[in-house]
Amino acid sequence: MNPDIAEALKFVSGIFPAIAIIVAVGVGGWVLTTWLRIKHGYPLDGAWGQALHPVTDRESAERIKLLTTENAQLRAELGSIKDRLENVERIVTDRPSKLAREIDALAIDKGGNA
């Protein structure tokens, strides 16, 4: 065999394991990424960017509708909690005499005896 060819084959056989490892890591990373996207419900993209999975169906649309409703309810509840917290902060930071006057004013407005 020609010594130049033998040297080239020796070089290729020496570098081939490194190339194989790099390719294996790349493919393994792609498989892991795809699996995680499927597991968590993210859409998969084809070679030209078109969505492959999941296809929107009635069940998914209903789930989105329920989550949107729940989100609106939670936002409303959070708003009321913020209002209550503002009142508590005002009560804590106000002077005690001012607070006593406001409580007396509320008792009079409700028809109570002062």
Side-chain angles (χ1 to χ4, degrees):
M1 183 185 277
N2 188 345
D4 293 333
I5 294 175
E7 187 177 330
L9 285 175
K10 186 177 179 182
F11 175 74
V12 169
S13 66
I15 198 167
F16 182 75
I19 293 173
I21 289 172
I22 291 170
V23 170
V25 167
V27 171
W30 175 78
V31 169
L32 177 67
T33 302
T34 303
W35 175 74
L36 286 172
R37 290 181 75 169
I38 290 172
K39 180 181 176 188
H40 295 290
Y42 289 100
L44 298 179
D45 300 332
W48 299 101
Q50 74 276 20
L52 299 177
H53 176 75
V55 178
T56 304
D57 54 357
R58 284 187 16 222
E59 184 178 322
S60 296
E62 183 66 26
R63 184 175 178 195
I64 290 170
K65 184 178 172 183
L66 290 173
L67 288 172
T68 303
T69 304
E70 182 183 12
N71 190 12
Q73 291 171 346
L74 291 173
R75 286 181 181 271
E77 184 178 345
L78 181 62
S80 68
I81 290 173
K82 283 182 179 180
D83 292 341
R84 293 170 65 185
L85 181 61
E86 286 176 13
N87 288 334
V88 169
E89 287 174 346
R90 184 180 52 82
I91 290 171
V92 169
T93 58
D94 282 351
R95 291 180 298 178
S97 60
K98 183 179 177 185
L99 180 61
R101 283 194 310 262
E102 287 182 8
I103 291 173
D104 291 340
L106 286 174
I108 291 172
D109 288 343
K110 297 222 179 208
N113 296 331

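All residue numbers refer to positions in the sequence shown, counting from 1. These values consider heavy atoms only, across backbone and side chains, with no hydrogens, waters or symmetry-generated copies.
A search for side chain to side chain donor-acceptor pair (under 3.5 Å) contacts involving Arg90 returns Glu102, not counting sequence neighbours. Leu67 meets the side chain to side chain contact (heavy atoms under 4.5 Å, CB included) test with Arg63, Glu70; sequence neighbours excluded. Contacts of Glu62 classified as side chain to side chain contact (heavy atoms under 4.5 Å, CB included), with partners at least two apart in sequence or in another chain: Lys65, Leu66. Residues forming a side chain to side chain contact (heavy atoms under 4.5 Å, CB included) with Asn71 (at least two apart in sequence, or on another chain): Arg75. Residues passing the side chain to side chain contact (heavy atoms under 4.5 Å, CB included) test with Glu89 are Leu85, sequence neighbours excluded.
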Could you tabulate the donor-acceptor pairs under 3.5 Å formed by side-chain atoms of residues 13-21, not counting sequence neighbours?
unit_1, atom_1, unit_2, atom_2, d
Ser13, OG, Leu9, O, 3.1
Ser13, OG, Lys10, O, 2.9

Which pairs would a plain distance check flag for residues 28-41, meaning a side-chain donor or acceptor within less than 3.5 Å of a matching protein atom at least two apart in sequence or in another chain?
unit_1, atom_1, unit_2, atom_2, d
Thr33, OG1, Gly29, O, 2.8
Thr34, OG1, Trp30, O, 2.9
Arg37, NH2, Pro43, O, 2.5

